[in-house]
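Report on the structure given below.
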Number of protein chains: 2
Amino acid sequence: MTTTAKGGAKGRRSASRGKISREAIVAAALEVSDSSAGLDAVTVRSLATKLGTGTMTLYGYFRSKDEILDAMADHVMSGIELPPVEDETPEQALRAVAQAFVKLMTEHPSVSWLLSSRVTRSHASLKAAMEDILQRFVNTGIPPETAVRCYGLLIQFALGFAAYQAPRQWGAASGEDGAELRRQQQHYWAGLPATEFPLVVALAPQLVLLPTEDQFDWGVDLLVEVLTRALERETQRS
Amino acid sequence: MTTTAKGGAKGRRSASRGKISREAIVAAALEVSDSSAGLDAVTVRSLATKLGTGTMTLYGYFRSKDEILDAMADHVMSGIELPPVEDETPEQALRAVAQAFVKLMTEHPSVSWLLSSRVTRSHASLKAAMEDILQRFVNTGIPPETAVRCYGLLIQFALGFAAYQAPRQWGAASGEDGAELRRQQQHYWAGLPATEFPLVVALAPQLVLLPTEDQFDWGVDLLVEVLTRALERETQRS
DNA sequence: GGTGCCGTCGTACACAGTACGACACGGAGC
DNA sequence: GCTCCGTGTCGTACTGTGTACGACGGCACC
């Protein structure tokens, strides 16, 4: 390490005085971002006042705000709950991982944004999750190279879904509920000139349903099916 | 319209004096965000100086910076190039749309972020594209409701892929090239303790390839295959 | 009882978006 | 012709952001 890095080290001697800690900061940040105002409300100052400290105190625990965001992604990712591994078929494994991901996303909607920019960034629990998931896939007989691709595809799908869904939830949290928001959106689409946008107008009810659980399940079903099929072909060829 | 909205109207009498216009602003913004510095570099002040005007002048053409970002997404989306429609199978249509999307994303990498938060936002060319794509799907015999789901799934996949890939490209643009970046990342993964992360270490070469064109094609192939299969089942059941 | 170290945080700076109001100009009316 | 006004331009300033600097104060150790 080139810099002295006295501050960010994890070793900090048991939080000497205050009840403030890395964990407390991350918890506060997640609380803020998940409730109402979204990621934008996560501000160094807002976190500081929420924790009852000065702004600059936080910089004793993190070198920058970006590091706080990383820690948030890290923390959320570490909370991924995979059902215990027992004898699994590839299909079961794929589905379990997909569902665990989407659970994560719906619990921390705002963090999907973080993750989509930070999955590649390397941190402890993130890596651990990656290892776990890959291991799980390989255990079911999926060839390692294919396991990587499955991993990528599933994450990508889950992230895309969450990112697509998140704005609605934010809107919902900041006032009206999701159903009302959908209703408005539907009327907007339905209100377009039918001669110009016949399909959009006709399919308005379906369009607003795009970011629903149903849609996600549909996608997962499809993905799992095709992945398992591809796997079968692969294994039986070799 | 409740407000007077004298400024933002499109009608502005032919840009009276300067060569500045809505289009010029959007073009400058895209130029900035696509080159080197990414979306963060798109700043009202930076755009103004790039256009040789005062900062506040831009607010005569857009009501807020957010509106500029919307216009960027709008413009990019309007540039989507779908091959001419002729007799298509559902599979061909799905593939064509997927490829058009990813082409868009790779041409304007930074904008994938915009789109993933703004696809649902309703603007002219965005809607037009949606209508076009839906129409195309329906023309090949895909039932309208399923067409909507295919649309959602493909967009989601493309956005997820682009978002996953974009950070690398940014990094690449701001100094080293992509290959070098991948090499570093690979060594990072390979350098983890092998006892703790055996699979990550072993699969480092594959992991860095995740955000590659190949990976995208693989995903598209899978998606298209499974969608067409689902379609066949659906049509033959009814 | 010093003495030094380290966590805390008040202050300040650069930069973001944007509201307000002054300025300058081109055309309409006399 | 000059005046007046609408409209496009933009200088200034306000709020809010992330963060560097340096002063303060309490604890452990000699």
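Order of the sequence lines fixes the chain letters, A, B, ..., with proteins taken first and strands second; residue numbering starts at 1 for each chain.
Following rounding to the nearest Å, A/I68 (CD1) and D/dG18 (P) show an atom-to-atom distance of 9 Å. Here the P atom of nucleotide C/dT18 and the CG atom of B/D66 are 8 Å apart, to the nearest Å. Protein atom CD1 of A/I20 is 18 Å distant from nucleotide atom P of C/dC6, rounded to whole Å. Atom C1' of nucleotide C/dT18 and atom CG of B/L47 are separated by 14 Å, given to the nearest angstrom. One interatomic measurement links the two molecules: CD1 of B/I25 to C1' of D/dG8, which rounds to 12 Å at whole-angstrom precision. Rounded to an integer number of Å, the gap from A/Y59 OH to D/dT17 P is 12 Å. We find that CG of A/L58 is positioned 12 Å from C1' of D/dG18, with the value rounded to whole Å. Between the C1' atom of D/dG18 and the CZ atom of A/R63 lies a distance of 16 Å, rounded to the nearest Å.
Between B/M130 and A/L207, the closest side-chain pair of non-hydrogen atoms falls below 4.5 Å. Residues A/V97 and A/I80 fail the side-chain proximity criterion, which asks for heavy atoms closer than 4.5 Å. In this structure, the side chains of A/Q135 and B/F197 stay at 4.5 Å or more apart for every pair of heavy atoms.
Residue-to-nucleotide contacts include a donor-acceptor pair under 3.5 Å from the side chain of A/R45 to the base of D/dG18.
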*Is there a ring-ring contact (aromatic ring centres under 6.0 Å, His included) between B/F157 and B/F216 once you walk through the steps?*
CA-CA 9 Å; B/F157 176 71; B/F216 181 82; 5.2 Å; yes
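Residue A/K65 has its side chain nearest to D/dT17 when only D/dT9, C/dG17, D/dT17 are considered. Of all nucleotides listed (C/dG17, C/dG10, D/dT17), C/dG10 comes nearest to the side chain of A/M56.
A salt bridge between B/K127 and B/E131 is absent, with no side-chain N of the basic residue lying under 4.0 Å from a carboxylate O of the acidic one.
Contact annotation for A/T53: backbone-only contact, meaning every heavy-atom pair under 4.0 Å involves sugar-phosphate atoms and none involves a base. Nucleic acid contact class of B/T57 (heavy atoms, under 4.0 Å, all strands): base. As judged by a 4.0 angstrom heavy-atom cut-off over every strand, A/T55 is placed among the base-contacting residues.
Here A/Y61 reaches the OP1 or OP2 of C/dT8: one of its side-chain N or O atoms lies under 4.0 Å away.
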